[in-house]
Every structure is written in C-alpha cells, then in structure tokens.
Colleague: 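Would you mind keeping the following structure in view while I ask a few things?
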Amino acid sequence: DEWITSRTGIKERRILKGEGLGTSDMAVEAVNGLLKKRGIGAEEIELIIFCTTTPDYPFPASANILADKIGAKNAWGYDLQAACSGFIFGLSTGAQFIESGKHKKVL
C-alpha cells in the first residue's frame, strides 16, 4: 500500500465483494448520491461516459448497464478505457459535450 500511495497518491481503494456484482454496481451508489446532492433526477442525464478498465462485460457498455440501473432513460453512453488517465480523458470529453451545447447534463 505504501508503494502505491507514494507513486500515485491513491490512499484508498474500493473492493467489490459479492456474487454476480460488477463495476456498474459500485457506480450506482455513487451516482445516486450525486443525483441526490444535486437535486436532479436520473432522467435528466443526457450522456454517461463510464471510465473504467474493469467493465462489467466487453459488451454491452457498462455506461448502458448503469443507465438502466439508475433509470437514466434519456441517456446514451459509452465506456472509455484509458487506464489511469481515463478520468482525465472522460472529464475533458464530457466538458466538450457541454461546452459545445450538445448536452447539458453529462455523467
């Protein structure tokens, strides 16, 4: 753990325990907390960019699985697999969708 912390700054990790659970199950809890904090409904989300190197399946995209689980029925989405830099690429890409006016609510 010290080796990882000193090289990456990561101080904690999440480990999913349970039969049949996937990365999208971890995302559900995080997204529901975000929606509650922002006071918006899942149906307001227009795009989901799911940044992970451990998707639930190769197909369908974990973004689409997440959309179904949270009830984001108006969203389209895709998985972005870029290892450690995935978050930065996802944030940049999502910001561009908003800045262009294409979408207003991107997850």
Colleague: Can you measure from CD1 (I98) to NZ (K105) and round to the nearest 0.5 angstrom?
Modeller: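 That separation rounds to 10.0 Å.
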Colleague: Quick check against the 3.5 Å criterion: does E44 have a side-chain atom that pairs as donor or acceptor with the backbone of G41?
Modeller: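 Here the side-chain-to-backbone pair exists.
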Colleague: Just how far is it from atom CD1 of I15 to atom CE of M26, taken to the nearest 0.5 Å?
Modeller: 9.0 Å
Colleague: With distance as the sole test, does S62 use its side chain to make a donor-acceptor pair with the main-chain N or O of D56 at under 3.5 Å?
Modeller: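 Yes.
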Colleague: Testing the basics here: between G77 and L47, what is the closest heavy-atom pair and its distance to 0.1 Å?
Modeller: CA-CD1, 4.1 Å
Colleague: Tell me if the CZ atom of R38 is crowded by more than 12 foreign heavy atoms within 6.0 Å.
Modeller: no
Colleague: When hydrophobic residues are tied together by side-chain contacts of less than 4.5 Å, even through go-betweens, does I40 share a cluster with I48?
Modeller: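 Yes, because I40 and I48 connect within a single hydrophobic cluster, where side-chain heavy atoms sit under 4.5 Å apart.
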Colleague: So does F97 get a backbone contact from the side chain of S100, meaning a donor-acceptor N/O pair under 3.5 Å?
Modeller: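 Here the side-chain-to-backbone pair exists.
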Colleague: Testing the basics here: between L66 and S24, what is the closest heavy-atom pair and its distance to 0.1 Å?
Modeller: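 Smallest interatomic distance, heavy atoms only, reads CD1-O, 4.0 Å.
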Colleague: Show the nearest heavy-atom pair for residues C51 and G90, with the distance to one decimal.
Modeller: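 Looking at all heavy atoms of both residues, the shortest contact is SG-CA, 3.6 Å.
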Colleague: Find the distance between CD (E29) and NZ (K69) and round it off to the nearest 0.5 Å.
Modeller: 12.5 Å
Colleague: Which heavy-atom pair separates T93 from F89 by the least distance, and what is that distance?
Modeller: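 Closest approach of T93 to F89, heavy atoms only: OG1-O, 2.7 Å.
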Colleague: I'd like to know whether L34 forms a side-chain contact (heavy atoms from CB on, under 4.5 Å) with L107, so could you lay out the CA-CA distance, the side-chain angles of the two residues, the decisive distance to 0.1 Å, and finally the verdict.
Modeller: CA-CA 10 Å; L34 174 66; L107 177 66; 3.6 Å; yes
Colleague: Mind checking whether F59 and I65 sit in one hydrophobic cluster, side chains of I, L, V, M, F, W, Y counted as touching below 4.5 Å?
Modeller: no
Colleague: When you compare the side chain of L35 with that of I45, does any pair of heavy atoms fall below 4.5 Å?
Modeller: yes
Colleague: Hydrophobic clusters here meaning ILVMFWY residues chained together by side-chain heavy-atom distances under 4.5 Å, can you tell me if L21 and V28 are in one?
Modeller: no
Colleague: Please list all pairs passing the side-chain hydrogen bond (donor to acceptor under 3.5 Å, both in side chains) test where one or both residues lie in residues 74-88, with sequence neighbours left out.
Modeller: W76-H103
Colleague: Calculate, to the nearest 0.5 Å, the distance between atoms CG and OG belonging to L80 and S92 respectively.
Modeller: 10.0 Å
Colleague: Is T23 reaching over with its side chain to a backbone N or O of T54, donor-acceptor style, under 3.5 angstrom?
Modeller: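 It does hold such a pair.
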Colleague: If we ignore hydrogens and angles and just use 3.5 Å, is the side chain of D25 paired with the main-chain N or O of G22 as donor and acceptor?
Modeller: yes
